[in-house]
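Quantities reported herein were computed from a predicted structural model and do not represent experimental measurements.
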Amino acid sequence: MVLVLTRTYFPEGTQGVLEWNGTIVCYTIELPWLGNQRRISYIPEGEYVLQKRFSPKFQWHLHLKNVPGRDLILIHPANDAKTELLGCIATVTLHTGIGKGSFSRKALEKLKAIVNAALANNEEVKIKIQSNPSTPLMMTR
């Protein structure tokens with residue numbers, strides 16, 4: 001199973017659309033590009049394996065494996081990239097501004113239902129992160 005995250009880049013944040021089989025699952029928010037620096041930049045485009053992860057702070061969420069130069073890159077709930085993210089990806093139901101959204105937990109539950117069903121069938125789940133071809137590309141690597 002491959003989820004596709006198509007990003008649109010802005011100097012103040014990153015917006016995304018997360019799809020599976022051509023259908024929108026949810027939207028995403030991330031920090032802007034700052035050279036893949038830990039805790040302040042989004043991660044490079046590419047394909048990453050997803051796994052389930054539990055923490056007391058986020059409960060059950062998703063972890064992107066083997067991100068170059070980074071560790072513990074998660075998909076977890078947040079509605080404001082600049083105040084709630086440290087390089088991770090947040091799911092949102094609706095974009096409300098650059099790097100901002102709403103109903104993040106609801107969006108994450110929808111995504112986890114799809115991912116968990118695939119994992120229960122022993123499928124490998126990947127996320128392919130790419131840029132939106134119809135918008136100007138900011139630095140991505």
Side-chain angles (χ1 to χ4, degrees), residues 1-121 123-141:
M1 163 185 213
V2 179
L3 297 159
V4 178
L5 173 56
T6 304
R7 290 173 167 161
T8 303
Y9 304 104
F10 302 94
E12 61 274 18
T14 304
Q15 309 288 80
V17 178
L18 187 60
E19 297 177 291
W20 177 54
N21 282 343
T23 301
I24 295 173
V25 175
C26 62
Y27 299 93
T28 64
I29 57 173
E30 296 175 74
L31 294 168
W33 177 253
L34 292 169
N36 197 33
Q37 295 178 71
R38 292 174 186 264
R39 304 173 67 88
I40 62 169
S41 176
Y42 67 70
I43 62 170
E45 293 179 359
E47 193 168 281
Y48 306 100
V49 173
L50 287 177
Q51 69 178 26
K52 293 192 309 185
R53 182 176 184 274
F54 182 86
S55 74
K57 181 175 183 179
F58 299 121
Q59 303 298 307
W60 285 105
H61 56 280
L62 301 170
H63 175 213
L64 283 73
K65 305 269 298 176
N66 302 318
V67 176
R70 304 287 284 279
D71 58 359
L72 275 181
I73 299 299
L74 310 175
I75 298 177
H76 65 76
N79 291 309
D80 187 324
K82 286 193 176 182
T83 62
E84 299 177 86
L85 294 180
L86 298 172
C88 296
I89 301 169
T91 54
V92 294
T93 301
L94 177 71
H95 286 133
T96 60
I98 304 302
K100 295 184 179 187
S102 60
F103 303 106
S104 184
R105 290 184 192 284
K106 181 178 177 181
L108 184 61
E109 290 304 317
K110 184 176 178 183
L111 175 60
K112 287 191 312 184
I114 293 166
V115 170
N116 289 343
L119 292 174
N121 286 329
E123 289 182 55
E124 181 178 60
V125 179
K126 293 183 177 182
I127 183 168
K128 179 182 178 183
I129 302 174
Q130 62 189 20
S131 61
N132 183 338
S134 66
T135 59
L137 182 64
M138 305 294 284
M139 285 299 298
T140 59
R141 295 192 192 268

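- Side-chain contact between Gln15 and Ile29 is present, with at least one heavy-atom pair separated by less than 4.5 Å.
- In terms of heavy-atom proximity, Met1 sits nearest to Glu123 at CB-OE1, 3.6 Å.
- To the nearest 0.5 angstrom, Cys88 atom SG is 8.5 Å from Leu64 atom CG.
- The side-chain heavy atoms of Val17 and Leu5, taken from C-beta on, include no pair separated by under 4.5 Å.
- Considering only heavy atoms from C-beta on, Ile89 comes within 4.5 Å of Ile129 through its side chain.
- Exactly one of Gln51, Lys52, Arg53 qualifies for a side chain to side chain donor-acceptor pair (under 3.5 Å) with His63. That residue is Gln51.
- Below 30°, between 30° and 60°, or above 60°: for His61 and His76 the angle between ring planes is above 60°, a perpendicular geometry.
- Across all their heavy atoms, Leu31 and Arg39 have their closest contact at CD1-O, 4.0 Å.
- Nearest heavy atoms, Pro77 versus Arg105: CG-NH1, 3.4 Å.
- Between the CG atom of Leu18 and the OG1 atom of Thr23 there is a distance of 11.5 Å, given to the nearest 0.5 Å.
- Counting only distance, with no hydrogens or angles, the side chain of Asn132 and the backbone of Thr6 share no donor-acceptor pair below 3.5 Å.
- Using a 4.5 Å cut-off on side-chain heavy atoms (C-beta onward), Leu111 and Leu3 make contact.
- Salt bridge Glu109/Lys106: absent, no basic N to carboxylate O contact under 4.0 Å.
- Under the 3.5 Å distance criterion, the side-chain polar atoms of Thr91 are left unmatched by any main-chain donor or acceptor of Thr28.
- Remark: Leu72 CG to Ser55 OG distance equals 9.5 Å, nearest 0.5 Å.
- Surrounding CZ of Phe103 are at most 12 heavy atoms belonging to other residues, nucleotides or ligands under 6.0 Å away.
- The nearest pair of heavy atoms linking Ile40 to Leu34 is O-CD1, 3.2 Å.
- We find the CG-CD1 distance between Leu86 and Ile73 to be 9.0 Å, quoted to the nearest 0.5 Å.
- Heavy atoms only, all atoms of each residue included: Leu85 and Ala90 are closest at CD2-CB, 3.9 Å.
- Summarising the geometry of Arg70 relative to Gly87, their closest heavy-atom pair is NH2-CA, 3.3 Å, with the distance given to 0.1 Å.
- No donor-acceptor distance shorter than 3.5 angstrom exists from the side chain of Gln130 to the backbone of Val4, with no hydrogens or angles considered.
- Put simply, the side chain of Tyr48 reaches to within 4.5 Å of the side chain of Ile43, judged on heavy atoms.
- Taking CD1 of Ile98 as the reference point, atom CZ of Phe10 lies at 4.0 Å (rounded to 0.5 Å).
- With rounding to the nearest 0.5 angstrom, the CD atom of Glu19 is 11.5 Å from the NZ atom of Lys128.
- For the pair Val125/Leu119, a side-chain contact is recorded, criterion being any heavy-atom separation below 4.5 Å from C-beta on.
- Between Val25 and Lys110, some side-chain heavy-atom pair lies under the 4.5 Å cut-off.
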